[in-house]
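Single-structure report; data block below.
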Number of protein chains: 2
Amino acid sequence: MPSHHPLPFDPIDRAAQLWQDRIGPAATMAAVTNIMRVQQILQSSVDAALRPHGLTFARYEALVLLVFSRQGSLPMNMMGQRLQLHPTSVTNIVDRLQADHLVERNGHPTDRRTTVVTITEAGRQRQKTATVALTDIDFGLIGLNDDETAQLTVLLTKVRRSAGDFS
Amino acid sequence: MPSHHPLPFDPIDRAAQLWQDRIGPAATMAAVTNIMRVQQILQSSVDAALRPHGLTFARYEALVLLVFSRQGSLPMNMMGQRLQLHPTSVTNIVDRLQADHLVERNGHPTDRRTTVVTITEAGRQRQKTATVALTDIDFGLIGLNDDETAQLTVLLTKVRRSAGDFS
DNA sequence: ATCCAATAGTAGGACGTCCAACCAGTTGCC
DNA sequence: GGCAACTGGTTGGACGTCCTACTATTGGAT
């Protein structure tokens, strides 16, 4: 979390008013700015909760993905598709998880191009304790009831579908 | 935008189903993951639109803030408060804007600690053309009507207020 | 059978964010 | 007045993301 005190007003809302007067589609700008800012808040909360466990949200997500997979292992390109990450980001994340002995890299039996990532027992343990830490803080998402959380998911899923995120 | 083809299913929704079965508060996790992903999509769209103009969204926001200010200038710490950025991020952004001759750094007349950032004429021009590029793509936010966009803003503002972002 | 396009992964670099540490200047308190 | 605590800004490092470019391998088209 950036170390500053809360403002006595909403800077996004104030900017929107100025936009309205001077520029144009203030509502869209406000929504976009809100998403950017909320993401930043959640990222900070989540990373703070994970820091004592030596993880970031990106690495945590990778561990969860592996735990969910049948064999506890997946090819790197599959991880990239599921996590919606650039191949180089997957390399980066797996590098760090491997350095922490939470995953292993192995060759694919038939396709020598692909690298298979397997979660270790330590990785499974780490994922469990990290999950407790995250659920304890509700993933940083506070101030919404169940209904509103569901609404938010519906709206954002609509955006993702429109953006061609999935079909 | 990460260079991969869209999946035939929603990976966030699928993960939520697995959470439901095995872990717990799947709804919250899904909402958080959605925010993270939508932010990423918007960031990519917006940055792509700004790249031809030599700007990023972070730098664009800083320019807009300065344009909105009365004298076209603000102390750096004020910029950090309004943009909700860490002081070091402000330093970083102003460095790059200054290298592009879009802003200037000057000393404060009475407080020699503070640095005042002033937008240049070139900066004002750049902001105008960049704004056209952004409004042309609706800031990357597509798939929602005006009503839904407003709903989204209401929900996210609630989250920010609960997180102590403003009061 | 061969060659060429596509795919899997990595290396190097840019950018933005944060944190910890630091220096310079200011303010308040005694 | 003087010293301590605070504030404003920068530097250096870590991290995650992306892009471009590259190597190795695969597979299809001719």
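Order of the sequence lines sets the chain letters (A, B, ...), proteins ahead of strands, with each chain counted from 1.
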Task: Pairing residues for Ser162(A) by the side chain to side chain contact (heavy atoms under 4.5 Å, CB included) criterion, not counting sequence neighbours - done: Ile142(B)
TODO: Using side chain to side chain contact (heavy atoms under 4.5 Å, CB included) as the criterion, list what pairs up with Glu61(B), not counting sequence neighbours.
DONE: Thr33(A), Phe57(B), Leu83(B)
TODO: Scan Asn92(A) against the nucleic acid and name what it touches under 4.0 Å (heavy atoms): base, sugar-phosphate only, or nothing.
DONE: base
Rounding to a whole Å, what distance do you find between [X]:[atom1] and [N]:[atom2]?
X        : N       : atom1 : atom2 : result
Gln39(A) : dG16(C) : CD    : C1'   : 12 Å
Gln43(B) : dC18(D) : CD    : C1'   : 10 Å
Leu42(B) : dT17(D) : CG    : P     : 16 Å
Ile93(A) : dT10(C) : CD1   : C1'   : 15 Å
Leu85(B) : dG8(D)  : CG    : C1'   : 16 Å
Arg37(A) : dT17(C) : CZ    : P     : 11 Å
Met79(A) : dG9(C)  : CE    : P     : 10 Å
Asp47(B) : dA14(C) : CG    : P     : 17 Å

Where the side chain of [X] meets the backbone of [Y], is there a donor-acceptor pair that is under 3.5 Å apart?
X        : Y         : value
His86(A) : Thr88(A)  : yes
Thr56(B) : Asp47(B)  : no
Ser73(A) : Val116(A) : no

Task: Shortest non-hydrogen contact between Gly80(B) and Val90(B), atoms and distance - done: CA-CG2, 3.6 Å
Considering only distance and modelled atom types, tabulate donor-acceptor pairs under 3.5 Å from the side chains of residues 149-156 of chain B, sequence neighbours left out.
| unit_1 | atom_1 | unit_2 | atom_2 | d |
| --- | --- | --- | --- | --- |
| Thr149(B) | OG1 | Asn145(B) | O | 3.0 |
| Thr153(B) | OG1 | Thr149(B) | O | 3.2 |

Open item on the list: Test of understanding: with side chain to side chain donor-acceptor pair (under 3.5 Å), list the residues that count as partners of Arg161(B), not counting sequence neighbours.
Closed with: none
Set out, line by line, the N/O atom pairs under 3.5 Å between protein and nucleotides 10-14 of chain D.
| unit_1 | atom_1 | unit_2 | atom_2 | d |
| --- | --- | --- | --- | --- |
| dT10(D) | OP1 | Arg105(B) | NE | 2.8 |
| dT10(D) | OP1 | Arg105(B) | NH2 | 3.0 |
| dT10(D) | OP2 | Thr91(B) | OG1 | 2.6 |

TODO: Consider the side chain of Arg59(A), meaning its heavy atoms from C-beta on, and name the nucleotide among dT17(C), dA8(C), dG16(D) that approaches it most closely.
DONE: dG16(D)
Task: Donor + acceptor pair across side chains of Gln127(A), Arg124(A) (<3.5 Å) - done: no
Open item on the list: Tell me whether the side-chain N/O atoms of Gln40(A) come closer than 4.0 Å to OP1 or OP2 in dC18(C).
Closed with: yes
Open item on the list: With a 4.0 Å cutoff (strictly under), does any side-chain N or O of Thr114(A) reach OP1 or OP2 of dT7(C)?
Closed with: no
Using atom names, set out every protein N or O paired with an N or O of nucleotides 25-29 of chain C below 3.5 Å, distance rounded to 0.1 Å.
| unit_1 | atom_1 | unit_2 | atom_2 | d |
| --- | --- | --- | --- | --- |
| dG25(C) | N2 | Arg113(B) | NH1 | 3.1 |
| dT26(C) | OP1 | Arg112(B) | N | 3.0 |

Open item on the list: Return whichever of Phe57(A) or Arg51(B) has its heavy-atom-nearest nucleotide of DNA chain D closer to the 5' end.
Closed with: Phe57(A)
